[in-house]
Amino acid sequence: MMMDLFSQFASTTYLGAPIILLAMLAPWLLLPTPPTKWINNRLTTSQNWFLTLFTKQLLLPLNMPAHKWAFLLTSLMAFLLSMNLLGLLPYTFTPTTQLSINLGLAVPLWLATVLTGFRSQLNHSLAHFLPEGTPTPLIPILILIETISLFIRPLALGVRLTANLTAGHLLIHLISSAVTAIYPLSIMVSLLTFSILILLTILEIAVAMIQAYVFVLLLSLYLQENT
């Protein structure tokens, strides 16, 4: 039972080779390409409207030097959002439920924000490790605490995304299994459980969208501190 429960998070293979890269490239194939006509269709117009709105909201609190990251952050948002939503479809694999994938996205981007701060404003970045007016006996302890909190940030980004998506998939799997198990015993209870499953699926769609936005939003906040 435990193996069946967690087997959905195992990386799929074909002829012994993992095809997780194919699962990560699939969302980009679903994005519509811009047409050569002057008038766009509804799908392209909706996509442009969403990306423009998200970019404006994301760059609103950021400084001008941080606007160079607009394309990267918007692409990351579209990538995470599409993978999270496609993972809710039946018989699909969600790469963002893998901690290695999420840390592979979080660590380099977090490190890039830190290096950007050290390059552009070294003194200001180092000042975060020691607040002004700190008593002398507390200086080593505060430096250690601030250093640990700095290195925990990418781990928190990856674990937050992995934990929320994994918990949602497990709940959907358990409740859907309960629907089929209860149906021969009581149709009314099975229908009630199925309605709970529908509500949970709607909730997981919202969670998939919110977690993608939170991941990019926290990265933008880290970038704001270093620019």
Side-chain angles (χ1 to χ4, degrees), residues 1-32 42-43 46-47 49-51 53-54 57 76-106 152 154-219:
M1 176 63 183
M2 191 63 64
M3 289 298 296
D4 295 337
L5 189 60
F6 288 94
S7 61
Q8 58 178 321
F9 304 113
S11 178
T12 53
T13 58
Y14 180 74
L15 297 179
I19 57 175
I20 188 172
L21 292 178
L22 181 61
M24 296 178 64
L25 293 176
W28 298 110
L29 301 177
L30 300 178
L31 296 177
R42 295 180 179 179
L43 182 59
S46 301
Q47 174 190 347
W49 172 81
F50 170 75
L51 294 178
L53 179 63
F54 173 75
Q57 295 295 326
L76 180 63
M77 173 66 182
F79 178 63
L80 292 176
L81 181 61
S82 56
M83 281 200 304
N84 293 349
L85 292 179
L86 288 177
L88 294 175
L89 297 176
Y91 303 103
T92 56
F93 175 71
T94 312
T96 46
T97 56
Q98 305 294 313
L99 184 60
S100 58
I101 299 297
N102 296 331
L103 289 180
L105 293 173
I152 281 179
L155 182 62
L157 280 177
V159 171
R160 181 186 293 107
L161 182 59
T162 304
N164 282 279
L165 295 181
T166 302
H169 283 67
L170 288 176
L171 284 176
I172 291 177
H173 181 80
L174 289 174
I175 295 180
S176 61
S177 301
V179 171
T180 56
I182 297 176
Y183 182 78
L185 303 176
S186 175
I187 298 179
M188 294 300 298
V189 177
S190 178
L191 292 177
L192 179 61
T193 308
F194 181 74
S195 62
I196 297 176
L197 178 62
I198 296 298
L199 295 177
L200 179 62
T201 304
I202 297 174
L203 176 63
E204 285 305 312
I205 292 175
V207 169
M209 300 173 65
I210 292 173
Q211 289 304 315
Y213 177 72
V214 168
F215 190 94
V216 179
L217 179 62
L218 290 177
L219 276 177

State, yes or no, whether a side-chain contact exists between [X] and [Y] at a heavy-atom distance under 4.5 Å.
X	Y	result
Asn164	Val214	no
Arg160	Leu218	yes
Met209	Leu85	yes
Leu157	Leu161	no
Leu105	Leu80	yes

- [ ] Using modelled atom types only, decide if a donor and an acceptor are shared between the side chain of Ser177 and the backbone of His173 within a distance under 3.5 Å.
- [x] yes
Open item on the list: Quick check against the 3.5 Å criterion: does Thr166 have a side-chain atom that pairs as donor or acceptor with the backbone of Ala163?
Closed with: no
Open item on the list: Looking at every heavy atom in both Ile172 and Glu204, which two are closest together, and how far apart are they?
Closed with: CD1-CG, 3.7 Å
- [ ] Give the minimum heavy-atom separation between Ile182 and Ser190, together with the two atoms involved.
- [x] CG2-N, 4.0 Å
Open item on the list: Using the side-chain contact (heavy atoms from CB on, under 4.5 Å) definition, which of the options Leu192, Leu171, Ile175, Leu174 pairs with Leu197?
Closed with: Ile175
Task: Atom pair CG (Leu217) and CD (Gln211), whose distance is rounded to the nearest 0.5 Å - done: 11.5 Å
- [ ] Might you work through the side chain to side chain donor-acceptor pair (under 3.5 Å) test for His169 and Thr94, ending with a clear yes or no?
- [x] CA-CA 10 Å; His169 283 67; Thr94 312; 3.2 Å; yes
